[in-house]
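Since the model is a prediction, treat every value here as computed from it, not as a measurement.
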Amino acid sequence: MLPLLLAAAAASAQEGSDPSLVGAPLESRAMEVVEPTEPEPDNGFSFLGLVQTRATMTDIATDNPFYNGQLVGQLGGSNSTVVLGEGPPAMYTEFRTNGFFGYAPPILDGKVKLNAGWEVDFSFGDLSYGTGGNTGGGFGADQVNLQTRRLNVVVKPSDWLQITLGQQFMNDGVYDPNTSGGDALFRSGGGLMFFGSEAAGITLHGTHNNDYAPVVRWRAGAFTLTENGAAVQDDVGLLMADLQWHPIWATTVGFHAWHLRDRSAGNGGAFGVGPTSALAELQGAARLDLRDDGEDTAPDVNADITWLVADAGYNVGLHQGPFGVRGLAAWNLGRMYVTGKPDVGISGQLFDVEARFRYTRGQGSVVRLEGLWVSADDADESRYTGIITGNSYGIVGSVYTTHGCVLLFQDLFSINRMTPVNFDISGQGQGMRAVTGSVGYDPIPDRLTVQVGGGRAVREGSSATEVNVRVIGEPFLFFNVGVTAATAFIEGERDPYMVYVHGDWLVF
């Protein structure tokens, strides 16, 4: 899962250790507390780590042994999750450590850097003396469970250009995850709602400044999401182009175009890939059934999918004043090529707007309100009018980051278990109408935050409402501890709840 791509809208204990940054790529979390600098002219080595612990009590569980190490996807979906009835709740403790190493040879004056990142995580008592990710906390330990999160080379041929080659964090906006904070990633571009995970490829980031600040930022990237046969045209590739303009103080306007070329015929990984795959169904995206009545075998499906996005924001990080607002509009279009059948068109829309206001001292003393609208698939079988996201092409391929919920949408503090009512913003192709919000207050400014939040989400034929409360403190510098409690009210189904205590330590 993401080293926790997860966060946003949660209150903060201190700007540098904002709990809303738990979901950011780990490099980005550091940038919130330490200004990026070239390596010191000693040995060129750097290290950044994140240690997370979480103890949870909930009535959400699964009896599927294949999801013992990692449990993701739609609540009540193909991951076999259920809301328990009578009886004791599920209780478990999880632990995760992410480590990122960098080496920039001093002789190259910081112009070239090698980055490597790893992750080890497990639940207490799960497995030992075996091989596999997301496990290794059993009696005896000795589990082989090291996971690669980053392996790339960064080249800076000039002050305005940076090139990253290899496995890296791929976001859906103009900012470089290695040198940008959480608000830059969560509140610009697609806000990780479309793409937000690791991928292998090449990215170019450019910044053009005036005498005071950046005027234009841009990003161009090419990634291979699925490589099936090396000598066969059966892969999934993604091209991304992004441009952001700063017309006036504290204001940004962005334009984004991404194109995915899918020639996999739905093949790739254990669950397949694409809009007709079991992977899409697992994660709450629309799994399209393109078979004719009476057919048992699904046809092969390839696709060309394009996203066009425009976004704008004013003071989105609340660094230039107490009020900030941002919004985005997206059009998803393209075509699916179905073997032996007519093509199926794609045409979906998404709109999102969020406003925040810091009403008194403390980074967590913020009132927030957000509205999300996503188009639903209609009855016309010749087209799909919903949204497609990276969740159709990778496990936790995208995350809705700013909602501040625990059960209604993806829980941004989760470690290896993420099973919300709505995992994907497409709402299984049924569309989405959602309003979320929160009110936070710092009794001890920048040290202790109390926050009450929640939201309501409606899909065609179903609705759910969540209420949650958080208390987060920072007893030591860059070390947060907190407790969260939430319950959801789901139309026509059992109402789940979750309570957890967590600790997060950012290590330099």
| Would a 4.5 Å heavy-atom cut-off, applied to side chains only, mark Leu260 and Trp307 as touching? | yes
| request: Applying side-chain hydrogen bond (donor to acceptor under 3.5 Å, both in side chains), run through Gln244 and Ser188 and close with a yes or a no. | output: CA-CA 9 Å; Gln244 185 182 78; Ser188 69; 4.6 Å; no
| Where do Arg96 and Glu94 land on the salt bridge (charged side-chain N to carboxylate O under 4.0 Å, His left out) test, with the steps shown first? | CA-CA 7 Å; Arg96 162 185 281 162; Glu94 300 170 284; over 6 Å; no
| Contact check, side chains of Ile395 and Val72, non-hydrogen atoms, under 4.5 Å | yes
| message | With no hydrogens and no angle check, just 3.5 Å: does a side-chain donor-acceptor pair link Asp235 and Asn228? | response | no
| task | Test side chain to side chain contact (heavy atoms under 4.5 Å, CB included) on Met193 and Leu328 and set out the steps. | result | CA-CA 11 Å; Met193 285 191 288; Leu328 71 91; 3.7 Å; yes
| message | When you compare the side chains of Gln147 and Asp121, does any donor N or O come within less than 3.5 Å of an acceptor on the partner? | response | yes
| task | Start with the C-alpha distance between Glu381 and Lys341, add both sets of side-chain angles, then the distance that settles salt bridge (charged side-chain N to carboxylate O under 4.0 Å, His left out), and finish with yes or no. | result | CA-CA 12 Å; Glu381 295 183 356; Lys341 304 179 188 301; over 6 Å; no
| Taking all atoms of both residues into account, what is the closest heavy-atom pair of His205 and Thr203, and its distance? | CE1-CG2, 3.2 Å
| message | Tell me if a side-chain donor or acceptor on Gln70 pairs with a main-chain N or O of Asn416 at a distance below 3.5 Å. | response | no
| message | How about CH2 on Trp118, more than 12 heavy atoms from neighbouring residues, nucleotides or ligands closer than 6.0 Å, or not? | response | yes
| said: Do Arg219 and Asn171 make a side-chain contact, defined as non-hydrogen atoms from C-beta onward lying under 4.5 Å apart? | reply: yes
| message | Under the criterion side-chain hydrogen bond (donor to acceptor under 3.5 Å, both in side chains), I'd like the reasoning laid out for Asn422 against Tyr400: C-alpha separation, chi angles, the key distance, then a yes or no. | response | CA-CA 10 Å; Asn422 302 289; Tyr400 176 26; over 6 Å; no
| task | Please confirm whether the backbone N or O of Thr385 pairs with a side-chain atom of Asp377, one donor and one acceptor, at under 3.5 Å? | result | yes
| task | Taking all heavy atoms of Phe95 and all of Val51, pick out the closest pair and write down the distance. | result | CZ-CG1, 3.7 Å
| When you check the side-chain N and O atoms of Arg417 and Ser123, is any donor under 3.5 Å from an acceptor? | yes
| request: Go through the steps for Lys113 and Thr164 under the test side chain to side chain contact (heavy atoms under 4.5 Å, CB included), then give the verdict. | output: CA-CA 9 Å; Lys113 184 177 182 180; Thr164 305; over 6 Å; no
| remark: What one should report as the nearest heavy-atom pair of Ala303 and Met336 is CB-CG, 3.9 Å
| Stepwise side-chain hydrogen bond (donor to acceptor under 3.5 Å, both in side chains) test for Arg54 and Ser414 | CA-CA 8 Å; Arg54 169 169 159 163; Ser414 65; 5.3 Å; no
| What do the steps show when you test Asp504 against Asn480 for side-chain hydrogen bond (donor to acceptor under 3.5 Å, both in side chains), and what is the final call? | CA-CA 5 Å; Asp504 305 291; Asn480 289 339; 5.5 Å; no
| Going by an N to O cut-off under 4.0 Å, is there a salt bridge joining Asp352 and Arg326? | yes
| message | Under 6.0 Å between ring centres: does that hold for Phe124 and Tyr92? | response | no
| request: Please tell me if the side chains of Phe194 and Met240 come closer than 4.5 Å, counting only heavy atoms from C-beta onward. | output: no
| task | For the residue pair Arg149 and Phe169, establish whether any side-chain heavy-atom pair is separated by less than 4.5 Å. | result | no
| field | Between Gln167 and Thr148, a side-chain donor and acceptor under 3.5 Å | value | no
| task | Kindly say whether Thr62 contributes a backbone atom to a donor-acceptor pair with the side chain of Ser80 at under 3.5 angstrom? | result | no
| query | Do His256 and Asp311 get their side chains close enough for a donor-acceptor pair, meaning under 3.5 Å? | reply | yes
| task | Return the minimal non-hydrogen interatomic distance between Gly390 and Ser398, and the atom names on each side. | result | N-OG, 4.0 Å
| said: Let's go through Asp183 and Arg356 carefully: what are the C-alpha distance in whole Å and the side-chain angles of both, what is the deciding distance for salt bridge (charged side-chain N to carboxylate O under 4.0 Å, His left out) to 0.1 Å, and is it a yes or a no? | reply: CA-CA 12 Å; Asp183 284 323; Arg356 295 193 296 165; 3.5 Å; yes
| request: May I ask you to check whether over 12 heavy atoms, not counting those of Glu227, lie within 6.0 Å of atom CD? | output: yes
| field | Within 6.0 angstrom of Trp373 CH2, more than 12 heavy atoms from elsewhere | value | yes
| query | Tell me, do Val174 and Leu243 make a side-chain contact under 4.5 Å, heavy atoms counted? | reply | no
| request: Return the minimal non-hydrogen interatomic distance between Ala199 and Leu225, and the atom names on each side. | output: CB-CD2, 4.3 Å
| task | Kindly indicate whether the side chain of Met170, heavy atoms from C-beta on, has any atom under 4.5 Å from the side chain of Ser197. | result | no
| field | Closest heavy-atom pair and its distance - Ser426, Ala286 | value | OG-N, 3.7 Å
| task | Keeping the roles fixed (side chain from Thr81, backbone from Gly76), state whether a donor-acceptor pair exists under 3.5 Å. | result | yes
| Ionic contact status for Asp242 with Arg217, cut-off 4.0 Å | no
| query | Yes or no on side chain to side chain contact (heavy atoms under 4.5 Å, CB included) for Leu350 and Asn332, after CA distance, side-chain angles and deciding distance? | reply | CA-CA 8 Å; Leu350 177 149; Asn332 195 183; over 6 Å; no
| request: In sequence, state the C-alpha distance, the side-chain angles, and the governing distance for Asp304 and Arg263, and then conclude on side chain to side chain contact (heavy atoms under 4.5 Å, CB included). | output: CA-CA 9 Å; Asp304 283 299; Arg263 296 298 183 268; 2.9 Å; yes
| task | Measure the shortest side-chain to side-chain distance between Pro275 and Tyr393 over non-hydrogen atoms and say whether it is less than 4.5 angstrom. | result | yes
| Is there a donor-acceptor pair under 3.5 Å between the side chain of Ser264 and the backbone N or O of Asp234? | no
